[in-house]
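Predicted model, so just to flag it, every value in this text is computed and none were measured.
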Amino acid sequence: MWGWSSHRHRSPDGLEECLRRKSGIGPLTRFDTHEFETKIAGEVKGFDPALYVDKKEIKKTDLFVQYALAATKEALEDAQLRITPENCEHIG
């Protein structure tokens with residue numbers, strides 16, 4: 001992948017479905033929508049924060065932060081960029 005967070009995250013065919021313009025929008029499931037006019041959105045399904053965040057930190061961090069950390073990790077891996085003590089002052 002390319003260090004992305006979307007409603008297609010980690011779907012085996014996620015990128016292909018996006019390129020074919022197949023919608024991944026559906027009913028909201030993360031919270032009760034009875035007080036809201038909008039009932040649909042693009043949610044990230046099947047996201048496992050334990051793949052990106054230390055288990056002790058999962059409860060301490062908001063979901064959007066976990067998505068950002070996952071996208072960052074994937075982007076670094078795809079770029080084959082290794083941050084080391086020797087290069088950390090020159091990155092970011």
Side-chain angles (χ1 to χ4, degrees):
M1 291 293 159
W2 298 327
W4 64 325
S5 286
S6 83
H7 59 278
R8 298 259 182 243
H9 185 77
R10 290 290 180 195
S11 167
D13 300 318
L15 180 58
E16 187 62 33
E17 290 174 352
C18 285
L19 293 174
R20 288 189 316 222
R21 297 181 179 175
K22 182 177 178 188
S23 176
I25 305 301
L28 283 163
T29 62
R30 294 197 176 271
F31 58 89
D32 183 6
T33 61
H34 83 276
E35 293 185 22
F36 300 97
E37 185 175 333
T38 300
K39 311 285 185 203
I40 63 170
E43 294 181 323
V44 180
K45 307 253 190 235
F47 178 74
D48 182 4
L51 297 173
Y52 308 98
V53 182
D54 183 51
K55 289 185 181 186
K56 294 177 185 176
E57 297 298 315
I58 291 173
K59 291 183 180 179
K60 297 178 188 177
T61 56
D62 287 327
L63 187 57
F64 78 93
V65 173
Q66 296 169 9
Y67 290 156
L69 292 171
T72 300
K73 182 177 179 186
E74 289 180 6
L76 289 171
E77 288 173 357
D78 288 346
Q80 297 178 351
L81 178 61
R82 305 287 180 258
I83 300 175
T84 65
E86 293 77 26
N87 70 10
C88 68
E89 295 293 323
H90 304 284
I91 297 174

* **Other cluster members, Leu28 - Ile/Leu/Val/Met/Phe/Trp/Tyr, side-chain contacts below 4.5 Å** => Phe31, Phe36

* **Test side chain to side chain donor-acceptor pair (under 3.5 Å) applied to Asp62 - qualifying residues, sequence neighbours left out** => none

* Structure fact -> In short, salt bridge (charged side-chain N to carboxylate O under 4.0 Å, His left out) pairs touching residues 46-59 with sequence neighbours left out are Glu57-Lys60

* What heavy-atom pair brings Phe47 and Ala70 nearest, and what distance separates the two atoms? -> CE1-CB, 3.7 Å

* Structure fact -> Val44 and Arg30 have their tightest heavy-atom pair at O-NH2, 3.1 Å

* Structure fact -> Across all chains, not counting sequence neighbours, the side chain to side chain donor-acceptor pair (under 3.5 Å) partners of Thr61 are Gln66

* To do: Output all residues satisfying side chain to side chain contact (heavy atoms under 4.5 Å, CB included) with Arg21, sequence neighbours left out; order by chain, then residue number.
  => none

* Asked: Does Asp32 have any side chain to side chain contact (heavy atoms under 4.5 Å, CB included) partners at least two apart in sequence or in another chain, and if so, which?
  -> His34

* **Distance, nearest 0.5 Å, that separates OG1 of Thr72 from OH of Tyr67** => 14.5 Å

* For Thr38, enumerate each residue passing the side chain to side chain donor-acceptor pair (under 3.5 Å) test, keeping only those at least two apart in sequence or located in another chain. => none

* With sequence neighbours excluded, what pairs up with Lys39 under the salt bridge (Lys or Arg N to Asp or Glu O under 4.0 Å) test? -> none

* **Hydrophobic cluster (4.5 angstrom, side-chain heavy atoms) - remaining members for Leu81** => Leu76, Ile83, Ile91

* Heavy-atom closest contact (Thr29 atom, Glu43 atom, distance) -> OG1-OE1, 2.6 Å

* Which residues share a side chain to side chain donor-acceptor pair (under 3.5 Å) with Glu35, sequence neighbours left out -> none

